[in-house]
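Structure, as structure tokens:
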Amino acid sequence: RPNKLGLLHLSVGVGYSHPPGLVKEVMRRAIEDAEGVSATPQAQVFVRKFGDSAVEYDLRVWIEDYERVNVTTDSVYTRVW
């Protein structure tokens, strides 16, 4: 039976002066309280690549209702910032 859960892949760049372990933990905590994010499965944050001026992170976030993808995406980016 279909459900409304969906998986978002979002990218965020963070300067090299911030250690990846700390960045990933802070992002995970911020994502948990974002509007529309499902508590399970838990969000994941991975280092995606080393860019010219920032480390790029891949945020994998399960959302509760894919019809509200724009609202949830905005909420995640706002909380991460």
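Scored by the salt bridge (Lys or Arg N to Asp or Glu O under 4.0 Å) test, Asp74 finds no partners at all (sequence neighbours excluded).
In the hydrophobic clustering (ILVMFWY side chains linked at under 4.5 Å, chained through shared members), Val45 is joined by Leu8, Leu10, Val12, Val14, Tyr16, Val23, Met27, Ile31, Val37, Val47, Phe50, Val55, Tyr57, Leu59, Val61, Ile63, Tyr66, Val69, Val76, Tyr77, Val80.
Interatomic distance, CG of Leu7 versus CH2 of Trp62, reported as 4.5 Å (0.5 Å rounding).
Note on residues 19-32: pairs passing side-chain hydrogen bond (donor to acceptor under 3.5 Å, both in side chains), not counting sequence neighbours, are Glu25-Arg28. Screening residues 44-53 for side-chain hydrogen bond (donor to acceptor under 3.5 Å, both in side chains) gives Arg48-Glu56 as the qualifying pairs, with residues at least two apart or on separate chains. Applying the salt bridge (charged side-chain N to carboxylate O under 4.0 Å, His left out) test to every pair with at least one member in residues 33-46, sequence neighbours left out, gives these pairs: Asp33-Arg79, Glu35-Arg68.
Judged by distance alone, the side chain of Ser38 and the main-chain N or O of Thr40 form a donor-acceptor pair under 3.5 Å.
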